[in-house]
Amino acid sequence: MIAPDEFAEVIEKVDNLLGAMEIPMPAEFHVNQMKRELREVSDKLKQIYVEEEDENPWEE
C-alpha cells in the first residue's frame, strides 16, 4: 500500500505550482519553472506506480 505522505508530497507540490501561477512574473519564468517542477511530479508519480505495481511501463 502506498504511504499517504507520498501522495501528500505530490499534492503539495501541485498546489504550490498552482499558487505560484498567481504571482506576477514573466511568462518565460513560469513556463521554465513548470517544466522543471512537472518533471519532478511526473517522476515521483511514476516511482509510486512502479513501487505499487512492481512494473515499469516507462522503462525503455
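One-based numbering along the sequence shown. All values derive from a computational prediction rather than experimental measurement. Below, each value reflects all heavy atoms present in this structure, side chains not excepted, and no hydrogens, waters or symmetry copies.
- Atoms CD and NE2, on Glu22 and His30 in that order, are 8.5 Å from each other to the nearest 0.5 Å.
- When hydrophobic clusters are built by joining Ile, Leu, Val, Met, Phe, Trp and Tyr residues whose side-chain heavy atoms come closer than 4.5 Å, directly or via intermediates, Met21 is grouped together with Leu38.
- For the atom pair CZ (Phe7) and NZ (Lys44), the distance works out to 10.5 Å, reported to the nearest 0.5 Å.
- Atom CD of Glu28 is surrounded by 12 or fewer heavy atoms from other residues, nucleotides or ligands within 6.0 Å.
- In this structure, Tyr49 OH and Asp54 CG are separated by 10.5 Å, a value rounded to the nearest 0.5 Å.
- Taking CH2 from Trp58 and OG from Ser42, the interatomic distance works out to 7.5 Å, rounded to the nearest 0.5 Å.
- Using a 4.5 Å heavy-atom cutoff, the side chains of Leu17 and Met34 are in contact.
- With rounding to the nearest 0.5 angstrom, the CD atom of Glu51 is 14.5 Å from the NZ atom of Lys46.
- One hydrophobic cluster holds both Leu45 and Leu18 under the rule that ILVMFWY side chains link at heavy-atom gaps under 4.5 Å.
- Distance check, rounded to the nearest 0.5 Å: NZ of Lys13 to CD of Glu37 gives 4.0 Å.
- Counting only distance, with no hydrogens or angles, the side chain of Asp5 and the backbone of Ala8 share no donor-acceptor pair below 3.5 Å.
- Under the 4.5 Å side-chain heavy-atom criterion for grouping Ile, Leu, Val, Met, Phe, Trp and Tyr, Val41 is connected to Ile48 within one hydrophobic cluster.
- Salt bridge Glu40/Arg36: present, at least one basic N to carboxylate O contact under 4.0 Å.
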